[in-house]
Asks: 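Before I ask anything, here is the structure I am working with.
The chain is numbered in sequence order, starting from 1. Only this structure's heavy atoms are used, side chains among them; waters, hydrogens and symmetry mates stay out. What you see is a predicted model, and the numbers here were worked out from it, not measured in a lab. Both counts, for ligands and for their atoms, begin at 1 and track the order of listing.
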Amino acid sequence: MSESSNADKLIALMSDGEFHSGEELGRLLSISRAAVWKRLERLKELGLEYESIRGKGYRLKNKLNLLDAAEIRKGLSAVEANNIFIHSIIDSTNAELMRLLVSQEINHGDIVLAEMQEQGRGRRGRSWVSPYAASINLSLYWRFEQGISGVDGLSLVVGLALAEVLNNIHPGFKLKWPNDVVFDGKKVAGILVELTGDPNGILHIVIGIGININIFSSDLFNQVEQPWTSLAQITGKTFNRNELLVSINNKLIQYLTEFQAKGFSSFQQVWQQFDYLKGSEVFVHIGSNIVYGVADGVAANGELRIKTEKGIELFNGGEVSLRKKL
Ligand code: BTN
């Protein structure tokens, strides 16, 4: 039995946030009390804090709401998620979905989820951190038959789906081109789209979504350079991630289906209603070049429009990043 599945059983037993004696845990896990103590130490490495009180036992400081495939499946619209793969700890859900695409039959709309990623991938080679059972780490498989040029704007549409779901919970979420979801300029969610297949034919698209949900604080974020926040910090409440996943997945399927039929242009106007940068002075970094201008929304294919002294310039994804002018 792997170390992570041992940790999983302990986490599942303690997820209720109630006290459990060392003796009870040892009995249920069929291990000695010394071994229980060793596994409790492992919880700390995952960022799960617990307390121990003599005579009562151990309890997690925060009750956990673990991912539950049955609960998620109940809420999904009929066409979605033939397969829901849930992992406790994995390197990256995007990497896992890419591996599954090679090793077994994966269906349109299948999803991979994880309580925690040890090598979560972000855009532009950054990493993405996710404390145990506190984020949404989702990778969705989408089969796309329109070829590579039809994909333009897809990640913006994914961002729009997230922003709409989050704004229904609490107003004020915006989109920072191309696809960061921000609140007061701080990042709440990020999207990493990875592709494989034939650029002129069938593409296999892995849509990776990370959302900070029930995180009030975490040492893991010490290494994160960008300002960040979470749904819990914004609202002061914690959320059932299974319910949120259902809302997000249903909205994603709806928007991706529309995108597949009509392209980005049918989302252009509504995307601009959430545009965090609109009218701001910005720098666009392209490799070692920096272009200065005023952000002016997005084009019909999702490219960023910048008013510069030369006129409107258009930027597509890849190496482009934005900073507000200081
Ligand atoms: C970004 O840099 O803004 C993109 C972050 C994307 C993170 C998600 S979490 C689920 C999926 N698996 C990964 O390894 N990355 C994406």
Side-chain angles (χ1 to χ4, degrees), residues 46-47 67 72 81 83-101 106 109-142 151 154-163 165-166 173-183 185-196 204-215 218 220-221 223-231 241-242 244-245 248-249 252 256 274 276-277 285 302 304 317-323:
L46 302 179
L67 296 171
I72 296 168
N83 289 306
I84 301 173
F85 300 94
I86 296 187
H87 295 269
S88 173
I89 303 171
I90 200 161
D91 52 353
S92 146
T93 54
N94 269 24
E96 172 65 7
L97 188 44
M98 284 285 183
R99 289 191 291 264
L100 288 175
L101 281 169
I106 291 295
D110 283 357
I111 57 177
V112 178
L113 299 162
E115 297 289 9
M116 183 177 193
Q117 300 180 116
E118 290 185 309
Q119 289 164 46
R121 301 178 186 167
R123 285 178 52 242
R124 309 182 81 226
R126 293 200 194 94
S127 57
W128 181 262
V129 298
S130 48
Y132 197 93
S135 309
I136 284 180
N137 303 303
L138 161 69
S139 295
L140 167 77
Y141 170 60
W142 199 254
V151 175
L154 180 139
S155 76
L156 275 73
V157 169
V158 174
L160 181 61
L162 299 188
V165 170
L166 294 173
F173 290 90
K174 298 238 152 121
L175 291 163
K176 183 176 175 192
W177 189 93
N179 51 29
D180 286 354
V181 182
V182 296
F183 188 92
K186 296 180 195 156
K187 187 156 167 172
V188 181
I191 295 156
L192 177 68
V193 174
E194 300 187 85
L195 308 170
T196 143
H204 306 285
I205 306 190
V206 169
I207 300 170
I209 297 172
I211 315 176
N212 301 330
I213 310 285
N214 296 328
I215 311 168
S218 168
L220 288 180
F221 283 87
Q223 49 177 297
V224 175
E225 281 168 21
Q226 288 171 299
W228 67 276
T229 186
S230 72
L231 202 47
R241 290 174 306 140
N242 295 307
L244 264 175
L245 266 163
I248 286 164
N249 215 66
L252 273 173
L256 288 169
F274 294 96
Y276 170 66
L277 296 166
H285 303 254
L304 177 66
E319 298 307 305
V320 186
S321 73
L322 301 175
R323 284 285 176 270

Asks: For F85, which of I111, I90, I106 qualifies under side chain to side chain contact (heavy atoms under 4.5 Å, CB included)?
Replies: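 One option only clears the test, and that one is I106.
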Asks: Among protein heavy atoms, which sits nearest to atom 5 (C) of ligand 1, and what does the distance come to when rounded to 0.1 Å?
Replies: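 Sorting protein heavy atoms by distance from atom 5 (C) of ligand 1 puts W128 CE3, 3.5 Å first.
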Asks: Just need the protein heavy atom nearest to atom 2 (O) of ligand 1, so name the residue and atom and give the distance.
Replies: R123 N, 2.7 Å
Asks: Only heavy atoms of L138, strictly under 4.0 Å: list the atoms of ligand 1 that pass.
Replies: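 Per the distance check, 10 (C).
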Asks: Heavy atoms only, cut-off 4.0 Å: how does I209 contact ligand 1, side chain, backbone, both, or neither?
Replies: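 Backbone only.
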Asks: Determine yes or no for a side-chain-to-main-chain donor-acceptor pair under 3.5 angstrom, with W177 supplying the side chain and G302 the backbone.
Replies: yes
Asks: When you measure from atom 6 (C) of ligand 1 to every protein heavy atom, which one gives the shortest distance, and what is it?
Replies: R121 O, 3.5 Å
Asks: CG of N137 to NE2 of H87: how many Å apart, nearest 0.5 Å?
Replies: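 Rounded to the nearest 0.5 Å, the CG-NE2 separation comes to 11.5 Å.
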Asks: Could you tell me which atoms of ligand 1, counted from 1 in the order shown, lie closer than 4.0 angstrom to a heavy atom of D180?
Replies: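 Reading through ligand 1 atom by atom, the close ones are 3 (O).
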Asks: Whether the side chain of R123 engages the backbone of I191 through a donor-acceptor N/O pair (distance < 3.5 Å, no angle test) should be reported.
Replies: no
Asks: Against ligand 1, does R124 come closer than 4.0 Å with any heavy atom?
Replies: no
Asks: Near N94, which atoms of ligand 1 are under 4.0 Å from a heavy atom of that residue?
Replies: 11 (C), 12 (N)
Asks: Can you tell me how far the CE atom of M98 sits from the OH atom of Y141, to the nearest 0.5 Å?
Replies: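 The CE atom of M98 sits 10.5 Å away from the OH atom of Y141.
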Asks: Could you check atom 3 (O) of ligand 1 against the protein and tell me its nearest heavy-atom contact, residue, atom and distance included?
Replies: K187 NZ, 2.6 Å
Asks: Less than 4.5 Å apart, any side-chain heavy atom of S135 and any of I215?
Replies: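 Touching, per the 4.5 Å side-chain cut-off.
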Asks: If you measure from CG on L245 to CG on L138, what distance do you get to the nearest 0.5 Å?
Replies: 6.0 Å
Asks: Please identify which atoms of ligand 1 are closer than 4.0 Å to at least one heavy atom of G122.
Replies: 1 (C), 2 (O), 4 (C), 5 (C)
Asks: Suppose we measure from atom 10 (C) of ligand 1 to each protein heavy atom; which comes out shortest, and what is that distance?
Replies: T93 OG1, 3.2 Å
Asks: Check whether any side-chain N or O of N94 sits under 3.5 Å from a backbone N or O of L192 as a donor-acceptor pair, and report yes or no.
Replies: yes
Asks: CD1/I72 to CG/N249 distance, rounded to the nearest 0.5 angstrom?
Replies: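 Reported to 0.5 Å precision, the distance equals 8.5 Å.
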Asks: Which of the atoms in ligand 1, numbered in the order shown and given with their element, are less than 4.0 Å from a heavy-atom of G120?
Replies: 14 (O)
Asks: Return the closest protein heavy atom for atom 13 (C) of ligand 1 as residue, atom name and distance.
Replies: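 Looking only at protein heavy atoms, the one closest to atom 13 (C) of ligand 1 is Q117 OE1, 3.3 Å.
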